[in-house]
J.: 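If you scroll down you'll find the structure; I have some questions about it.
Since this is a predicted model, take the numbers as computed values, not measurements.
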Amino acid sequence: MTAPALPRQLSFDVAVIGAGAAGLYTSLVAAECGANVALVSSSPLPQSASYWAQGGLAAAIGPDDDTELHLRDTIAAGRGATASSRARILCDEAPERLRELEQRGMQFDADETGALMLGLEGGHSRRRIVHAGGSATGRYITVQLADLVAAHERITVFERCSASRLWVVDDRCAGLASDAGPIGAATTVLAAGGGAAMWQRTTNPRGAVGAGMRLGLDAGAELADLEFCQFHPTALSLEGELDGFLITEAVRGEGAKLVTSAGERFVDELAPRDEVARAIGERLRDSGEDHVLLDMRSLDPARFPNIYEELAGAGIDPTRQPIPVSPAAHYTIGGIATDEHARSSLRGLYAVGESASTGVHGANRLASNSLSECFVFGRRAALAAAAEPASQRPDPASAPSGAVAMQPSEEVRRSLWNHAGLLRDEQGLRQLAQSPDVVARMIGATALRRRESRGCHLRFDFPERDPAMDGRHLVVGRSEEPSLVPWD
């Protein structure tokens, strides 16, 4: 049910901040466990960043596939930085979460016999990506989950309501302060999305500025893996509002080719994203051009209707000519450091989705593992959070005042793009480490500390991978001094 106004104080078993796929699903599962849930959403329910997600869900359900193959691909894509125990959880539980979504009424793309259509994306050795509406999976899932959440009697939805600060009492998260008043909760789950819009060129909506990371850090939670931001290789390169529009990896799985202006292929289109993005970056430096071309002329437009519709609106017809693309910031692998049940270092605080750093993705996320992660770890977070005993109702007078700074300036966004973009070096990172924006400073500090190139963290001055850094993660807290921690 939707709450139009907030009394002076409300108390819940679980408060969830963010209404993307992870937040909606976590809220629903927690409520089904008997918890009274507050879902805080800064936008109307179906309008989160997840709504625009073009990728699908990765799950080993094909006749030639199994979870060991999925795990092998995930670890290989992670470039020696994957927390293998967390990756195993993801791969083992993804098929069950997919079937559960089907039972909830989610209809995924199927062939004429009713069998699910399985797509192929970069880094996967088998067809294991399930989509809905072609490249509109995020839209279908968030609308379906939003309907279920809105109808659940144990979930109170606060739409157009932003969390301003987490409420901490005796070193435990006790809820949140919002722009409508204090919300007490025995446990709080941050599901506020990622931060790729902190970079000047991005595939993300402008609001994806690391709100969950900022709230968690301000409250005392530790962050991890901030130096790893994945750059999607094929974002539209075009002046105007559509610049950065994501062209899903699935088009390459169905045969689209990357070519130079002379029409020459230069990379394996189905290599992991870091490899493809690096190849494009090198091509652009060598040629002096600002884009390469994605040739989609062999594809059936009905397979990816929303992409063709958006391009047509910009006067581009990919059935007749290749389209200009170049890398853009897409997915922040780093976030609030969590365990296998999504618990953060701050008692009573959990994190899921792109707000979290589970270690599953290592140094380079395998395509379409992120939506699967939302549901696998969202369920684990919901079960653990709902099972925690109710804490003492906090005194409303202790609710925090003020708000955590959320919106980075245009100068900060330019600085991140210039100094922590596809390629980095010490000089630029030292400048970034002096940024007025706390998250940008920490990205600079952790990228400086990782004196190697690994996955989506590429340094001119340290071009090789350092084996001593295998399996080690940089964790940072309020002191802003990164520490090196092995997770497995």
Side-chain angles (χ1 to χ4, degrees), residues 21-22 25 29 53-104 106-132 137 141 230 248-250 252-255 268-276 331 333 339-342 352-353 358-381 383 455 470-471 487-488:
Y25 180 75
V29 174
Q54 294 181 13
L57 284 82
I61 61 172
D64 63 342
D65 201 4
D66 60 47
T67 56
E68 291 298 323
L69 287 174
H70 188 186
L71 177 63
R72 184 189 68 186
D73 292 345
T74 298
I75 290 174
R79 308 305 191 193
T82 306
S84 58
S85 62
R86 318 285 180 82
R88 178 170 290 282
I89 288 170
L90 174 77
C91 298
D92 283 349
E93 297 182 13
E96 186 177 353
R97 299 285 73 77
L98 173 62
R99 297 306 183 195
E100 179 200 334
L101 288 171
E102 288 187 299
Q103 291 167 7
R104 292 182 184 277
M106 185 70 206
Q107 294 184 351
F108 295 100
D109 295 344
D111 62 21
E112 60 276 5
T113 70
L116 290 180
M117 297 172 65
L118 301 179
L120 180 65
E121 295 182 1
H124 290 274
S125 60
R126 298 289 188 274
R127 286 186 171 270
R128 64 168 67 100
I129 316 303
V130 178
H131 292 90
T137 310
I141 288 178
Q230 188 172 71
T248 177
E249 197 154 321
R252 286 178 272 139
E254 298 304 318
D268 175 3
E269 290 86 358
L270 291 178
R273 284 181 182 170
D274 62 333
E275 188 175 329
V276 179
Y331 185 93
I333 291 173
D339 68 8
E340 65 272 20
H341 295 287
V352 293
T358 62
V360 161
H361 307 306
N364 175 57
R365 176 174 66 91
L366 183 65
S368 287
N369 266 357
S370 52
L371 266 181
S372 300
E373 181 192 34
C374 286
F375 303 122
V376 167
F377 288 93
R379 181 172 183 79
R380 286 174 158 256
L383 295 178
D470 286 357
W487 280 8
D488 271 348

J.: Is the distance between the ring centroids of Phe377 and His341 under 6.0 Å?
T.: no
J.: Hey, is Glu102 close enough to Arg99 for a salt bridge, meaning N to O under 4.0 Å?
T.: yes
J.: Evaluate the side-chain proximity of Asp339 to Trp487: yes if any heavy-atom separation is below 4.5 Å, no if none is.
T.: no
J.: Any donor-acceptor pair under 3.5 Å linking the side-chain atoms of Asn369 with those of His70?
T.: yes
J.: Between Arg126 (side chain) and Asp64 (backbone), is there a donor-acceptor pair under 3.5 Å?
T.: yes
J.: If the threshold is 4.0 Å, N to carboxylate O, is there a salt bridge linking Glu93 and Arg380?
T.: yes
J.: For residues His361 and Glu373, is any side-chain donor paired with an opposing acceptor at under 3.5 Å?
T.: yes
J.: Quick one: do the Arg273 and Tyr331 side chains pair a donor with an acceptor below 3.5 Å?
T.: no
J.: Is Arg104 salt-bridged to Glu100, cutoff N-O under 4.0 Å?
T.: yes
J.: Okay, side chain of Glu249, backbone of Gly122: is any donor-acceptor separation there less than 3.5 Å?
T.: yes
J.: Please name all residues satisfying side-chain hydrogen bond (donor to acceptor under 3.5 Å, both in side chains) with Thr82, sequence neighbours left out, ordered by chain then number.
T.: none
J.: Less than 3.5 Å apart, any donor N or O on the side chain of Asp274 or Gln230 sitting next to an acceptor on the other?
T.: no
J.: State, to 0.1 Å, how close Ser368 and Gly56 come at their nearest heavy-atom pair, and which atoms those are.
T.: OG-N, 3.1 Å
J.: Quick check against the 3.5 Å criterion: does His124 have a side-chain atom that pairs as donor or acceptor with the backbone of Ala367?
T.: yes
J.: Indicate yes or no: at least one non-hydrogen side-chain atom of Leu98 is less than 4.5 angstrom from one of Leu116.
T.: yes
J.: Minimum heavy-atom separation for Ser370 and Arg365, please, with both atom names.
T.: OG-NH1, 2.9 Å
J.: Check Leu118 against Gly62 and note the closest heavy-atom contact, atom names and distance.
T.: CD1-CA, 3.7 Å
J.: Within the structure provided, determine whether Leu57 and Ile141 are in side-chain contact (heavy-atom separation under 4.5 Å).
T.: yes
J.: Is there a side-chain contact between Glu340 and Arg88 (heavy atoms, below 4.5 Å)?
T.: no
J.: Look at Glu254 together with Arg127 and state whether they make a salt bridge at an N to O cut-off of under 4.0 Å.
T.: yes
J.: Atom NE2 in His131, atom OG1 in Thr137: separation rounded to 0.5 Å?
T.: 5.0 Å
J.: Specify the closest pair of heavy atoms between Ala132 and Phe108, including all atoms of both residues, with the distance to one decimal.
T.: CB-CD2, 4.1 Å
J.: Under a 3.5 Å threshold, yes or no: a donor from one side chain and an acceptor from the other, between Arg97 and Ser372?
T.: no
J.: Do the side chains of Cys374 and Val352 get nearer than 4.5 Å, heavy atoms only?
T.: no
